[in-house]
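Just so it is clear, the values below take in all heavy atoms, side chains as well, and ignore hydrogens, waters and symmetry mates. Here the structure is a predicted model, which is why all the values come from computation and not from measurement. Indexing begins at 1, ligand by ligand and atom by atom, following the structure's order.
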Amino acid sequence: MDALVAPSPVAAEAARRRTFAIIAHPDAGKTTLTEKLLLKGGAIQLAGAVRAKGNARRTRSDWMKIEQDRGISVATSVMTFERGGLVFNLLDTPGHEDFSEDTYRTLTAVDAAVMVLDAAKGIESQTRKLFEVCRMRDIPIITFVNKMDREARDPFELIDEIEQTLALDAAPVAWPVGRASEFAGTWDLLDKHFLPVDADDAGSIPLDDIDDPRLDELVGAERALMLREEAMLAEAGLKVFDLEAFREGHMTPVFFGSALRDFGVGHLLDGLARYAPPPGARAGDPREVLPGEEKLTGFVFKVQANMDPNHRDRVAFVRLCSGKLTKGMRLKQVRTGKQVPVNAPLFFFAKDRQVAEEAWPGDVVGVANHGTLRIGDTLTEGEELNFRGVPSFAPEILRHVQLEDPMLAKKLKTALDQLAEEGVVQLFRPLDGSLPVVGVVGQLQLDVLQSRLKVEYGVPARFQDTMWSMMRWVTSDDRTAIDRFAQANRRDTGEDHDGELVAFFGSDWRRKRAEEEWPALRFHAVREQHGLEQMKR
Ligand code: G4P
């Protein structure tokens, strides 16, 4: 009988969500691909907004009423579109050359990622970094080799590079027919379809098999011959797509196309629909949460300040993991036990933003607040539960913050506290009482900090080099060892924003030394919110 029982509305809604991000090295074509994906999903009015960068993007985004009301630019943070009965949530990751923690954290909120490669360049530095973050959570990755309309590298070489540099099995799904100006389309190796380059989504041409003579008519004898040879080689030498291996994060299906020419994008989207997983079980303390559960749970992965410097309002981006969110709910912030009213959640539906009234597992909603909600916070309907997996990364750049006007010390403290809560930078207070230290993963974060301190808080500040080039969070089961360590290293230790002990090092050699000298301690490069044992000193 059980098989006849319809799934609950929560389970059914969760099952039709696909929440993903696009990871790419700058210039690989992420923006262009995003635009084309949104067009396919009918979110046409959004497509123009994606293009605009920086300030231009902000001024352009006034189409969204909520932004006018609140002065918050949320337009491109989450883009939701529907296609074929599925709801796609595309979470934007900042596309800077420089790395920011925002990007890392956004990847904790997705269930899959599309990795865009420039066909002429293959895996680039940023691709690799972003991939490593996906690997930490075994996020399934679909590869889109973009710019096939231009001079491209050999597909075999590209696939080999993915496998070698990322240690990830790669299985071609589409195979390019012809190259560069001779590029004629792709051959679907799994479904035996030919997709001509100028066809729209419905334009794929099913053939009996690759030896079907119609292929010669479609692409010319030369290209057909080349395809047959390559397909045979691919079959003999490359991996075959395996859904399970993909979902476990060990294999990537590879699509070829051109975002600019809107080619292969529909095929990629079909791949996302078919292969990418819906929201799954999520690890938490003390238990795992299933998406079909009736009670709502979610976590904050990003906080964005109001663009209007006169308001301290912020939007916390909450990824829902179970249950249903409706307007006016009150949720428990587990970290503090406080009730958080969700009176006007921001829904990111592309088609009709104003009427969306509910959100489901896999969806992201924006919750306006005055700084109560922090990155890593878990929200529930009352249960004591914390999600794991929203990480802080040991910053690679550590700077003292120096005021230009010492009278502003108090203001600086408030500003730094608020900006740290928002996740703009990490903030450390040295145990010896010296100037506060800010830590960032990339230089760009420092520029943002400096400009926001000045513009939003009226606190001009400068950064001063420290003697340190790395930091680690320090934990131990042995409290006295922690105390002894802190005492012995007062000049090189501090507390993070949550009062956890951190140690600063001038070199990797010194870090190793400390690890040898203090075997009772553990030195962590990644701190998961609620993932470290609580240390009380
Ligand atoms: P990004 O967000 O990953 O940084 O890349 P973006 O989409 O902005 O694309 C970077 C450049 O590559 C753009 O050119 C874009 O038009 C081009 N591009 C993207 N996809 C394709 C493709 O499939 N084929 C070809 N030939 N080019 C592609 P640009 O000249 O830098 O900018 P624009 O003037 O075109 O905006």
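- Residue Arg150 touches ligand 1 through its side chain alone, judged by heavy-atom distances below 4.0 Å.
- Ion pairing of Arg261 with Asp149 is absent here, as no side-chain N (NZ or NE/NH1/NH2) approaches a carboxylate O to less than 4.0 Å.
- Under the ring-ring contact (aromatic ring centres under 6.0 Å, His included) test applied with His267, the options Trp187, Trp175, Phe255, Phe144 reduce to a single match, Phe255.
- Between Met148 and ligand 1, no N or O atom pair is found at a separation short of 3.5 Å.
- Within the 3.5 Å criterion, the main-chain N or O of Ile210 finds a donor-acceptor partner in the side chain of Arg228.
- Ligand 1 has an N or O atom lying under 3.5 Å from an N or O atom of Lys147, backbone or side chain.
- Under the 6.0 Å cut-off for aromatic ring centres, Phe183 and Phe256 do not qualify, their centroids lying 6.0 Å or more apart.
- Ligand-side atoms of ligand 1 in range of Lys30: 1 (P), 2 (O), 3 (O), 5 (O), 7 (O), range being under 4.0 angstrom from any heavy atom.
- Remark: side-chain polar atoms of His25 are paired, donor with acceptor, to backbone N or O of Gln126 under 3.5 angstrom.
- Contact annotation: for Thr32 versus ligand 1, heavy atoms closer than 4.0 Å belong to both the backbone and the side chain.
- On a distance-only criterion, Leu260 and ligand 1 share at least one N/O pair closer than 3.5 Å.
- Within the structure, the closest approach of Pro26 to ligand 1 falls below 4.0 Å when heavy atoms are considered.
- In terms of polar-atom proximity, Ala24 is not counted as a contact of ligand 1, lacking any N or O under 3.5 Å from an N or O of the ligand.
- By the 4.0 Å N-to-carboxylate-O rule, Asp209 lies too far from Lys192 to be salt-bridged with it.
- Judged by distance alone, the side chain of Thr252 and the main-chain N or O of Ile141 form a donor-acceptor pair under 3.5 Å.
- Residue contact check: Ser258 has heavy atoms under 4.0 Å from atoms 22 (C), 23 (O), 24 (N) of ligand 1.
- Under a 4.0 Å criterion applied to the non-hydrogen atoms of Thr31, ligand 1 contributes the atoms 1 (P), 2 (O), 7 (O), 8 (O).
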